[in-house]
Amino acid sequence: MDSRPIGVFDSGLGGLTAVRELTALLPGEDIIYFGDTGRVPYGGRSRETIIQYARQDVAFLRSFDLKAIVIACGTVSSTAMEVLERENPIPIIGVVEPSAQAAAQASRNGVIGLIGTQATIRTGAYLRRILALRPDARLIDVPCPLLVPLVENGRFRPGDIVVETVVGEYLSPIKAAGADTLVLGCTHYPLLQEVISREMGPGVTLINSGAQGAQAVLRRLTALDALNEPIRRGICRYFVSDSIGSFVSLASIFLGHDVTGEVAQVDITRY
Ligand code: DGL
């Protein structure tokens with residue numbers, strides 16, 4: 001048993017898709033969340049900048065005594081996972097491996113769509129993992145640079161014509177290829193799940209990378225015998241690098257409860 005909190009980070013709101021699943025799967029765990037809202041989006045940046053930001057995010061989280069860190073970000077998982085693992089003697093769990101596994105298992109026809117940030121697609125990390133597990137697979141990957149800014153601005157609801165148009169355009173080559181499985185390779189995208197699922201139609205399985213990351217945490221902590229005793233409800237604390245206002249309102253909507261009072265601002269450049 002290990003009662004220390006789990007650290008979770010992302011460039012912004014997207015990692016909350018992992019937090020939501022984590023609190024459902026492991027209600028007794030305490031969570032420290034960091035969203036780098038002052039520097040989001042990461043996905044259009046160079047490998048060097050993403051690694052520099054990720055190092056600072058991890059250094060901030062490690063100012064707490066944590067038992068594990070979750071990279072709840074496809075961009076950082078695909079770009080900086082090895083560097084962060086090498087530099088930090090603490091279990092680090094990313095979203096690429098569990099999402100690739102879920103996609104390889106879910107696909108019946110072997111045609112798998114992947115949407116992610118430009119940086120994620122550039123690394124080829126998903127492609128390599130999926131092909132290692134399913135050499136017969138055909139991957140259609142599409143970078144979607146407009147989706148993270150839309151979500152961060154609260155534009156993710158069905159019926160929003162801008163969101164539906166942008167999503168429709170990004171998904172059209174994946175639909176045309178006949179994919180039966182679509183990896184939401186950026187943790188922001190599950191906030192668009194309703195719009196994406198309507199666009200893809202009922203026969204297509206969506207792989208939620210945030211939720212897959214949370215399930216990987218459950219497996220890893222179970223293997224390490226490091227779960228907390230579920231005798232009380234875990235506490236979540238949220239930190240952001242920009243003002244807390246819009247994070248509080250969007251996070252409260254997404255998580256389904258008010259997070260006012262649980263959010264604080266941090267100067268990430270000090271780490
Ligand atoms: N949630 C991040 C991801 O999974 C978004 C990256 C970004 O800020 O562009 O890739």
Side-chain angles (χ1 to χ4, degrees), residues 8-21 33-45 50 53 72-78 95 99 113-121 141-175 179 182-202 204 206-214 238-260 262-263 265:
V8 180
F9 75 96
D10 178 45
S11 58
L13 280 169
L16 296 179
T17 58
V19 169
R20 191 159 79 167
E21 184 78 4
Y33 183 83
F34 174 65
D36 197 0
T37 52
R39 302 189 295 197
V40 66
Y42 283 9
R45 299 183 192 275
I50 293 166
Y53 287 179
C73 174
T75 303
V76 175
S77 298
S78 56
V95 297
S99 306
L114 166 68
I115 51 175
T117 66
Q118 293 138 294
T120 297
I121 304 296
D141 55 5
V142 179
C144 304
L146 295 178
L147 297 187
V148 169
L150 282 170
V151 170
E152 287 288 328
N153 284 286
R155 303 286 296 268
F156 46 77
R157 293 181 185 83
D160 183 323
I161 182 78
V162 175
V163 172
E164 288 180 348
T165 305
V166 172
V167 167
E169 186 177 315
Y170 284 143
L171 294 181
S172 79
I174 296 174
K175 278 172 76 174
L182 174 65
V183 182
L184 310 184
C186 165
T187 54
H188 278 72
Y189 301 170
L191 281 98
L192 294 160
Q193 185 142 348
E194 257 182 272
V195 177
I196 292 172
S197 141
R198 275 191 210 176
E199 184 65 31
M200 292 305 293
V204 177
L206 303 187
I207 306 294
N208 174 335
S209 54
Q212 291 300 328
Y238 303 90
F239 294 86
V240 291
S241 54
D242 202 356
S243 59
I244 64 174
S246 67
F247 181 86
V248 166
S249 53
L250 291 173
S252 300
I253 293 169
F254 179 66
L255 294 171
H257 63 267
D258 188 10
V259 299
T260 315
E262 296 160 26
V263 187
Q265 191 174 351

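- What you find for Pro149 and Pro145 is that their closest heavy atoms are CD-O, 3.3 Å.
- A donor-acceptor distance shorter than 3.5 angstrom exists from the side chain of Tyr33 to the backbone of Gly15, with no hydrogens or angles considered.
- Using a 4.5 Å heavy-atom threshold, the side chains of His188 and Leu147 count as separate.
- A donor-acceptor pair is defined here as one N or O able to donate and one able to accept, closer than 3.5 Å; no such pair exists between the side chain of Thr75 and the backbone of Ala119.
- Asp10 places none of its side-chain heavy atoms less than 4.5 Å from the side chain of Phe34.
- Proximity of a side-chain donor or acceptor of Ser77 to a complementary backbone N or O of Val95 within less than 3.5 Å is detected.
- Rounding to the nearest 0.5 Å gives a distance of 7.5 Å between OG of Ser246 and CG of Leu13.
- Within the model, atoms OG1 of Thr120 and CD1 of Ile50 stand 7.5 Å from one another, a figure rounded to the nearest 0.5 Å.
- Panel note: side chain Lys175, backbone Glu199; a donor-acceptor pair is recorded below 3.5 Å.
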Point to revise | side chain to side chain contact (heavy atoms under 4.5 Å, CB included) evaluation trace for Asp242 with Phe247 | key: CA-CA 9 Å; Asp242 202 356; Phe247 181 86; over 6 Å; no

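- In this structure, Tyr170 contributes its side chain and Leu146 its backbone to a donor-acceptor pair below 3.5 Å.
- For Leu114 against Leu182, the heavy-atom pair with the smallest separation is N-CD1, 4.0 Å.
- The shortest heavy-atom contact between Gly113 and Ala179 is N-CB, 3.8 Å.
- Here Gln212 contributes atom CD and Ile207 contributes atom CD1; the two are 6.0 Å apart, rounded to the nearest 0.5 Å.
- Among pairs with a residue in residues 159-169, those fulfilling salt bridge (Lys or Arg N to Asp or Glu O under 4.0 Å) read Arg155-Asp160, at least two apart in sequence or across chains.
- We find the SG-CD1 distance between Cys144 and Ile196 to be 8.0 Å, quoted to the nearest 0.5 Å.
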**Study point:** Evaluation steps, side chain to side chain contact (heavy atoms under 4.5 Å, CB included), between Tyr42 and Thr117
**Key:** CA-CA 8 Å; Tyr42 283 9; Thr117 66; over 6 Å; no

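- A pairwise comparison of heavy atoms in Pro190 and Cys186 identifies CD-O, 3.4 Å as the closest pair.
- Between the side chain of Thr17 and the backbone N or O of Thr187 there is at least one donor-acceptor pair closer than 3.5 Å.
- If you take OG on Ser249 and CZ on Phe254, they are separated by 14.0 Å, rounding to the nearest 0.5 Å.
- Here CD1 of Ile244 is found 11.0 Å from CD of Glu262. Values are rounded to the nearest 0.5 Å.
- Defined by atom type and a distance below 3.5 Å, a donor-acceptor pair is missing between the side-chain atoms of Tyr53 and Asp36.
- Side-chain contact between Phe156 and Leu150 is absent, with no heavy atoms from C-beta onward closer than 4.5 Å.
- Here the shortest heavy-atom pairing between Gly38 and Ser241 reads N-OG, 2.8 Å.
- Between Gly44 and Gln118, the shortest heavy-atom contact is CA-OE1, 3.6 Å.
- When the salt bridge (Lys or Arg N to Asp or Glu O under 4.0 Å) test is applied to Arg157, no partner is found at least two apart in sequence or on another chain.
- No donor-acceptor pair under 3.5 Å is formed between the side chain of Thr37 and the backbone N or O of Gly12.
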